[in-house]
2 protein chains.
Amino acid sequence: MAKKGDKTRTDIVDCAKDLFYTQGYERTSFTDIVNATGVYRGNIYHYFKSKEEILEAVIDQRLAEFRIVLKQWDVRHSTPRARLMAFVQMIASKRKDLTRYGCPIGSLNTELAKDQHDLQQSSKALFDLFRDWLTAQFIALGYAAEAESLALHLLGRAQGIAVIAHVYGDAALLQGEVSRLEAWIEESIVQSGLS
Amino acid sequence: MAKKGDKTRTDIVDCAKDLFYTQGYERTSFTDIVNATGVYRGNIYHYFKSKEEILEAVIDQRLAEFRIVLKQWDVRHSTPRARLMAFVQMIASKRKDLTRYGCPIGSLNTELAKDQHDLQQSSKALFDLFRDWLTAQFIALGYAAEAESLALHLLGRAQGIAVIAHVYGDAALLQGEVSRLEAWIEESIVQSGLS
DNA sequence: GTCTATATAATGATAGAC
DNA sequence: GTCTATCATTATATAGAC
């Protein structure tokens with residue numbers, strides 16, 4: 001099923017995803033992508049008509065990957081409590097990359113949202129994905145109208161942890177903040193009366 | 001006392017500060033600075049030998065400005081509680097810029113910390129400034145060993161709020177998160193036994 | 001210290017032979 | 001679909017007359 005061109009295309013997206021994350025979108029040049037992939041310059045333009053289009057493909061891939069992760073959590077964990085904890089545990093498990101390069105979603109959005117960048121609309125979808133999933137968990141906890149606000153609070157807490165851990169390159173700091181976040185979730189569950 | 005050249009230099013730093021904040025450092029070109037200041041190309045190089053050097057001057061100015069703010073808070077507010085509230089209130093009062101361009105400290109650090117950028121060492125000092133001041137407040141509340149951890153927690157919460165409000169361009173969201181943060185400070189003060 | 005002209009390298013993007 | 005050569009533009013940075 002997988003054609004030849006598909007592999008090249010996938011290689012480009014994989015490499016670009018990594019470079020955009022570790023260096024930032026703006027700082028990553030076309031030449032960087034050429035060198036990292038080994039794909040010839042003109043050839044990349046055969047698959048994507050611009051650097052922006054590569055970024056869109058990268059965002060689409062991240063969206064697809066995260067949708068799979070969320071689906072796995074839904075299958076693996078039956079309670080909203082366990083699902084929220086899975087979200088927080090992801091932060092802990094990714095602590096190495098988070099401290100070195102920041103959050104792949106947050107740092108990209110922060111870069112693109114400057115001065116109404118067009119592409120930010122696409123990258124915002126990554127936040128929407130988690131916001132909606134988290135909202136569903138809080139609704140399951142009985143929060144109803146408050147649910148989205150709690151979801152955004154949790155997302156924000158996660159972002160804050162990533163920013164500070166990134167700036168200070170401190171994984172232990174991240175771990176400590178993750179513990180606080182777990183405690184907050186426990187409190188929220190107690191308050192919901194669904195403990 | 002203020003010489004002619006000082007004004008030109010100040011103009012360059014002021015404009016660059018604004019551009020780096022609203023557009024990001026990487027996305028801001030030398031030409032952008034030339035156009036915004038009206039200072040001739042070669043003339044800018046008379047004051048700064050590189051774009052990086054302009055950024056260092058911008059960071060130094062931000063440091064100086066924030067030191068003044070912190071000093072004012074020290075004078076104006078006599079209790080650590082009031083000082084911490086002043087910090088949180090700053091977020092609320094800057095909500096318009098924060099939702100449009102993100103946090104000037106956080107977004108700059110996020111950009112520069114990618115892949116060990118040299119300049120991040122300078123921008124990190126902006127975080128250190130607030131971290132140390134906040135730590136002093138928590139020490140005054142009797143937290144001692146925990147103080148720095150609480151300071152970084154508070155800084156992280158502030159960063160998370162800025163990221164989410166920026167991504168969603170939502171000032172009301174920011175306001176709601178600020179309220180949560182105020183509640184958290186109240187709790188911390190109660191727990192410290194110094195209420 | 002002011003201003004013009006230009007150097008030099010890098011950028012994203014194309015054209016077109018194979 | 002592969003590969004080379006190159007375009008046009010923009011980037012940061014300099015040289016040097018005034």
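Remember, it's a predicted structure, so these values are computed and weren't measured experimentally. Just so it is clear: chains get the letters A, B, ... in the order the sequence lines come, proteins before strands, and each one is counted from 1.
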By salt bridge (charged side-chain N to carboxylate O under 4.0 Å, His left out), which residues pair with A:Arg62, not counting sequence neighbours? none
Check if the side chain of A:Arg9 and the base of D:dG1 share a donor-acceptor pair of N or O atoms closer than 3.5 Å. no
Sequence neighbours left out, what pairs pass salt bridge (charged side-chain N to carboxylate O under 4.0 Å, His left out) with at least one residue falling in residues 14-32 of chain B? A:Glu26-B:Arg27, A:Arg27-B:Glu26, B:Lys17-B:Glu65
Upstream residue (5' side of DNA chain D) when A:His46 and A:Gly42 are each assigned their closest nucleotide: A:His46
Residue-phosphate contact under 4.0 Å: A:Tyr47 side-chain N/O, C:dA13 OP1/OP2: no
In whole Å, I'd like the distance from the CG atom of B:Leu119 to the P atom of D:dT12. 14 Å
Measure from CG on A:Leu55 to P on C:dA13 and round the result to the nearest Å. 12 Å
So, are B:Lys7 and B:Asp11 salt-bridged, with charged N and O less than 4.0 Å apart? yes
Using atom OH of A:Tyr45 as one end and atom P of D:dA8 as the other, report the distance to the nearest whole Å. 16 Å
Atom pairs and distances, side-chain donor-acceptor, residues 137-148 of chain A, under 3.5 Å, sequence neighbours left out:
from, atom 1, to, atom 2, distance (Å)
A:Gln137, NE2, A:Trp133, O, 3.2
A:Tyr143, OH, A:Ser188, O, 2.4

Nearest-Å distance, CZ (A:Arg41) to C1' (D:dA5)? 11 Å
Counterpart residues, salt bridge (charged side-chain N to carboxylate O under 4.0 Å, His left out), relative to A:Asp74 (two or more places apart): A:Arg83
So which pairs with a foot in residues 22-43 of chain A pass ring-ring contact (aromatic ring centres under 6.0 Å, His included), sequence neighbours left out? A:Phe20-A:Tyr25, A:Phe30-A:Tyr45
Which residues within residues 11-37 of chain A lie with some heavy atom under 4.0 Å of an atom in DNA chain C? A:Thr28, A:Ser29, A:Phe30, A:Thr31
Send over the distance from B:Lys49 NZ to D:dT14 P, rounded to a whole Å. 9 Å
Rounded to whole angstrom units, what separation is found between the NZ atom of B:Lys51 and the C1' atom of D:dT10? 12 Å
For B:Phe66, what residues pass the ring-ring contact (aromatic ring centres under 6.0 Å, His included) criterion, not counting sequence neighbours? B:Phe130
Return no unless some side-chain N or O of A:Asn43 is found under 4.0 Å from OP1 or OP2 of D:dC3. no
Secondary structure of DNA chain C per the Watson-Crick/G-U criterion (both distances under 3.5 Å; [ ] crossing, | other strand, . unpaired) is |||||||.||||||||||
Give a yes or no on whether B:Arg180 atom CZ has more than 12 heavy-atom contacts from other residues, nucleotides or ligands under 6.0 Å away. yes
Name all pairs fulfilling the ring-ring contact (aromatic ring centres under 6.0 Å, His included) condition that reach into residues 91-115 of chain A, sequence neighbours left out, sorted by first residue then second. A:Tyr21-A:Tyr101
Closest to the side chain of A:Tyr40, out of C:dA13, D:dC3, C:dT2, is D:dC3
Mind calculating the distance between CD (B:Glu52) and C1' (D:dA11) to the nearest angstrom? 14 Å
